[in-house]
Amino acid sequence: MDLTLPIEAPFSLQSVLRSHGWVQLAPFSAETPYEAFTYTDQLAHGARVTFWTVQSVEEGVHVAVKGEVNTLEEAEIRAKLTRMLDLERDLAPFYTIAEQEPKLSYMAERARGRILRSATLFEDIVKTIMTTNTAWSGTIRMVQALVDLYGRSLAEDPTRHAFPTPAELAAPDVETLRRQAKLGYRAPYVSELARRVDSGELDLHALETSDLPTPLLRKQLLAIKGVGAYAAANLLMLIGRTDYIPIDSYALKVVSDEFHDGRPVKPADVEAAFERFGEWKGMAFWFWDYDGEE
DNA sequence: GGTAGACCTGGACGC
DNA sequence: GCGTCCAGGTCTACC
């Protein structure tokens with residue numbers, strides 16, 4: 001079936017897909033220049049696996065779904081795409097600030113600022129843990145392994161798999177996760193997270209929709225094993241809280257090159273570079289035109 | 001609250 | 001081929 005998700009301007013599907021590396025991770029699939037993407041998803045309603053092809057149209061985005069879906073399933077797909085394409089983020093206040101800064105002034109014109117997310121916060125947390133202390137190629141490999149090994153397959157094409165649910169990742173023991181998916185020391189982190197979410201002990205929907213102040217939300221994220229300062233800030237960015245900067249070795253490098261002539265910098269220097277943007281400093285860091293190509 | 005050391009894996013690099 | 005280093009960090013023990 002086909003459905004259209006109407007989206008008000010400014011919006012650019014390509015800008016969302018280019019917002020970070022998530023589109024390169026399974027079960028996403030896309031080719032540069034990222035004008036469309038596909039995604040394999042296991043629906044909560046009926047637990048059926050569906051395959052979507054999403055592309056930009058004049059009114060918003062068009063979604064082609066393999067097979068027929070009922071009304072509840074269609075509503076779920078619309079809700080998930082709204083999350084994935086970050087459609088509820090209000091960028092107007094940030095655009096007002098950004099147009100005063102030459103390194104950010106491109107944003108409104110190019111409809112940048114929306115950050116690609118997975119269908120669920122659970123998937124985003126697992127993927128974020130997979131980015132820590134590894135090369136990007138390692139992140140791609142580990143996420144692909146989790147999807148291929150534990151995600152339910154698409155009936156029409158068994159080579160395609162959805163991202164595993166918390167129950168599906170809680171099922172294998174830690175040693176199996178470590179050995180089969182080659183997660184290394186991250187295996188117990190993923191296992192514990194999956195078990196806590198599956199049992200209801202950790203309510204990620206409540207966390208995501210909470211109106212708690214950002215420092216308290218950050219504290220809840222830091223309580224998840226495997227989520228440290230960088231990962232928590234990254235996840236806060238994904239759920240629309242932009243007042244922390246995900247400081248990793250990449251951040252240290254780009255800030256060093258941009259503001260300190262390549263001299264070594266510390267996390268405090270990264271904070272200082274964007275402090276003037278207040279609650280938007282994570283956005284300013286994330287979308288700063290470091291290489292002058294925007 | 002701050003810091004040193006250990007931690008899985010796999011690719012890059014030097015020999 | 002083989003050994004070493006380290007990559008888009010985090011945890012634990014210790015001070």
Side-chain angles (χ1 to χ4, degrees), chain A residues 17-26 28 34 115-118 122-150 169 172-196 202 215-239 241-242 244-260 262 264-274 281-291 293:
Chain A
L17 299 182
R18 286 180 57 203
S19 59
H20 62 140
W22 254 212
V23 75
Q24 299 171 36
L25 301 178
F28 281 103
Y34 298 144
I115 298 174
L116 183 66
R117 306 187 279 192
S118 306
F122 173 71
E123 185 176 329
D124 281 330
I125 297 175
V126 172
K127 286 176 173 174
T128 298
I129 292 173
M130 295 302 106
T131 68
T132 60
N133 198 27
T134 186
W136 180 242
S137 60
T139 301
I140 292 174
R141 174 186 56 75
M142 288 186 276
V143 173
Q144 187 72 59
L146 290 177
V147 169
D148 288 346
L149 289 166
Y150 310 113
L169 278 186
D173 60 35
V174 172
E175 276 314 305
T176 302
L177 269 181
R178 191 192 300 266
R179 194 179 62 255
Q180 286 189 328
K182 298 187 186 302
L183 301 190
Y185 66 87
R186 301 169 195 82
Y189 302 157
V190 170
S191 184
E192 180 177 320
L193 171 66
R195 183 190 53 73
R196 290 181 66 205
L202 179 59
L216 294 181
L217 271 185
R218 177 174 179 269
K219 204 171 173 182
Q220 292 190 12
L221 288 167
L222 289 172
I224 298 171
K225 284 281 179 62
V227 174
Y230 156 76
N234 193 64
L235 289 164
L236 285 171
M237 284 291 294
L238 294 188
I239 63 177
R241 306 295 187 108
T242 59
Y244 284 86
I245 299 174
I247 301 175
D248 53 10
S249 55
Y250 171 78
L252 296 173
K253 181 183 185 314
V254 293
V255 167
S256 164
D257 291 343
E258 180 77 8
F259 300 102
H260 298 275
V265 299
K266 296 181 176 175
D269 299 313
V270 179
E271 295 285 348
F274 295 97
K281 67 182 180 183
M283 288 287 281
F285 159 78
W286 194 291
F287 288 100
W288 195 263
D289 184 14
Y290 295 100
D291 52 17
E293 290 183 357

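In the text below, chain A, chain B and the rest are named by the order of the sequence lines, each starting its count at 1. Quantities reported herein were computed from a predicted structural model and do not represent experimental measurements.
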Please tell me which of the listed nucleotides, [options], lies nearest to the side chain of [X]?
X: A:K182; options: C:dG9, B:dG11, B:dT9; result: B:dT9
X: A:S249; options: C:dG9, B:dT9, B:dG11; result: C:dG9
X: A:Y189; options: C:dA7, C:dT10, C:dC11; result: C:dC11

Give one of base, sugar-phosphate or nothing for [X], where a contact means two heavy atoms less than 4.0 Å apart.
X: A:A187; answer: nothing
X: A:G226; answer: sugar-phosphate
X: A:K225; answer: sugar-phosphate
X: A:L177; answer: nothing
X: A:A231; answer: sugar-phosphate

Write down the distance between [atom1] ([X]) and [atom2] ([N]), rounded to a whole number of angstrom.
X: A:K127; N: C:dG8; atom1: NZ; atom2: P; answer: 19 Å
X: A:Q144; N: B:dT9; atom1: CD; atom2: P; answer: 19 Å
X: A:R179; N: B:dT9; atom1: CZ; atom2: C1'; answer: 16 Å
X: A:W286; N: C:dG8; atom1: CH2; atom2: C1'; answer: 10 Å
X: A:N133; N: C:dC6; atom1: CG; atom2: C1'; answer: 8 Å
X: A:H20; N: C:dG8; atom1: NE2; atom2: P; answer: 17 Å
X: A:M142; N: C:dG9; atom1: CE; atom2: P; answer: 11 Å
X: A:L235; N: C:dG8; atom1: CG; atom2: P; answer: 19 Å

(Q) Roughly how many Å apart are B:dC13 and C:dG8, using the P atom of each and rounding to a whole number? (A) 13 Å
Q | Gap in Å between the two P atoms, one belonging to B:dA6 and one to C:dT4, rounded | A |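 Straight-line distance between the two P atoms is 15 Å.
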Q. Is the A:W288-A:F259 ring centre distance short of 6.0 angstrom?
A.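 Centroid distance A:W288-A:F259: below 6.0 Å, so yes.
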Q.
Are A:Y34 and A:F28 an aromatic pair, judged by ring center distance below 6.0 Å?
A. no
Residue-phosphate contact under 4.0 Å: [X] side-chain N/O, [N] OP1/OP2:
X: A:T139; N: C:dG8; answer: no
X: A:K266; N: B:dG2; answer: no
X: A:R178; N: B:dC8; answer: yes

Q) Is there a Watson-Crick or G-U wobble partner for C:dG1 with both distances under 3.5 Å, and which nucleotide is it? A) B:dC15
Q.
Salt bridge or not between A:E271 and A:K281? Use side-chain N to carboxylate O under 4.0 Å.
A. yes
Q: Can you check whether any acceptor in the base of C:dG9 is under 3.5 Å from a donor in the side chain of A:Y185, or vice versa?
A: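 Indeed there is one.
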Q: Look only at the side chain of A:R196 and the backbone of A:I224, and say whether a donor-acceptor pair between them is shorter than 3.5 Å.
A: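 Here the side-chain-to-backbone pair does not exist.
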Q.
Donor-acceptor check, side chain of A:T242 to backbone of A:G282, threshold 3.5 angstrom: yes or no?
A.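 A pair under 3.5 Å: no.
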Q: Hey, which sits more toward the 5' end of DNA chain C by its nearest nucleotide, A:V227 or A:Y250?
A: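 Closest to the 5' end, via its nearest nucleotide, is A:Y250.
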**Q.** Which atom of A:Y189 lies closest to which atom of A:G226, heavy atoms considered
**A.** CD1-CA, 3.4 Å
